[in-house]
Amino acid sequence: MQNDGLASQNAYFKFMKECMYKDVSFTVGEFTDSRKARNFVAPNPSDYYACYKEIPWLVEIKSSVDLQRFPFKKNIKGTQFGIGRRYMLSGWKYMFVIHHVVWDRWFFVPFKVFYELFEAGESSVPWDFLIKNFEKPFNTKFWSV
């Protein structure tokens, strides 16, 4: 199954924009995607930035078709761990919203979880761990997780 991630990204961004129009305490914006800009733009730490009640967020939308694990190398750029750590330590929240395309299931994983696993030498995380701890319906507001 082909998966470029754009359908998942567009669907959740549309949902976030709908939330923004309904709630004045939430705002969201899109970073310029280096892939769309044919690499003329430096990579950004995430797909989107947001703020909810004065708390800044980075939001990365990922999708996967892997049936066993969520592999870091394929889904999280090496620079994202370093940049994510910097943002995390400076007080930003960083959420990975993951869509498993085959199962049509959504997961809301704080970056800190991936960072700690990566620092412990893990290269991926099994889906059963994500299902047990981070699965939520599509229309979950990431800031409420």
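- Nearest heavy-atom pair across H100 and V65 is NE2-C, 3.9 Å.
- Distance check, rounded to the nearest 0.5 Å: CE of M16 to CD of E30 gives 8.5 Å.
- Residues passing the salt bridge (Lys or Arg N to Asp or Glu O under 4.0 Å) test with K93, sequence neighbours excluded: none.
- Remark: E119 CD is packed, more than 12 non-hydrogen atoms of other residues, nucleotides or ligands lying under 6.0 Å away.
- Both F118 and L58 belong to a single network of hydrophobic side chains, linked directly or stepwise wherever heavy atoms of I, L, V, M, F, W or Y lie under 4.5 Å apart.
- Through side-chain heavy atoms spaced under 4.5 Å, either directly or across other Ile, Leu, Val, Met, Phe, Trp or Tyr residues, L89 is tied to no other residue.
- When each of W92, W57, F81 is checked for a ring-ring contact (aromatic ring centres under 6.0 Å, His included) with Y87, only W92 meets the rule.
- M95 and F70 are assigned to two separate hydrophobic clusters, defined by single-linkage of ILVMFWY side chains at heavy-atom distances under 4.5 Å.
- Looking at residues two or more places apart in sequence or on another chain, you find a side-chain contact (heavy atoms from CB on, under 4.5 Å) between P71 and D66, K74, N75, S124.
- Hydrophobic clustering, with ILVMFWY side chains joined whenever heavy atoms are under 4.5 angstrom apart, keeps L6 apart from V28.
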Task: Verdict with supporting geometry, S46 and V59, side-chain contact (heavy atoms from CB on, under 4.5 Å) - done: CA-CA 6 Å; S46 67; V59 185; 5.7 Å; no
Task: F13/I61 under side-chain contact (heavy atoms from CB on, under 4.5 Å): CA gap, chis, key distance, verdict - done: CA-CA 9 Å; F13 185 52; I61 312 297; over 6 Å; no
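- In this structure, F129 is a member of the same hydrophobic cluster as L67, with clusters built from ILVMFWY side-chain heavy atoms closer than 4.5 Å.
- Nearest heavy-atom pair across S63 and S8 is CB-OG, 3.4 Å.
- Follow the hydrophobic side-chain contacts under 4.5 Å out from F15 and you reach Y21 in the same cluster.
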Under 3.5 Å, side-chain donor or acceptor atoms of residues 101-117 against the rest of the protein: list the pairs with distances, not counting sequence neighbours.
| from | atom 1 | to | atom 2 | distance (Å) |
| --- | --- | --- | --- | --- |
| D104 | OD1 | H99 | NE2 | 2.8 |
| R105 | NE | E135 | OE2 | 2.7 |
| R105 | NH2 | E135 | OE1 | 3.0 |
| Y115 | OH | R85 | NE | 3.0 |

Show me the side-chain donor-acceptor pairs of residues 136-145 shorter than 3.5 Å, one per line, residues at least two apart or across chains.
| from | atom 1 | to | atom 2 | distance (Å) |
| --- | --- | --- | --- | --- |
| T140 | OG1 | P137 | O | 2.8 |
| S144 | OG | K141 | O | 2.6 |

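- Note on residues 42-60: pairs passing salt bridge (charged side-chain N to carboxylate O under 4.0 Å, His left out), not counting sequence neighbours, are E60-K62.
- Ring centroid separation for the pair Y48 and F31 does not come in under the 6.0 Å cut-off.
- The distance from atom OH of Y94 to atom CD of Q80, rounded to the nearest 0.5 Å, is 4.0 Å.
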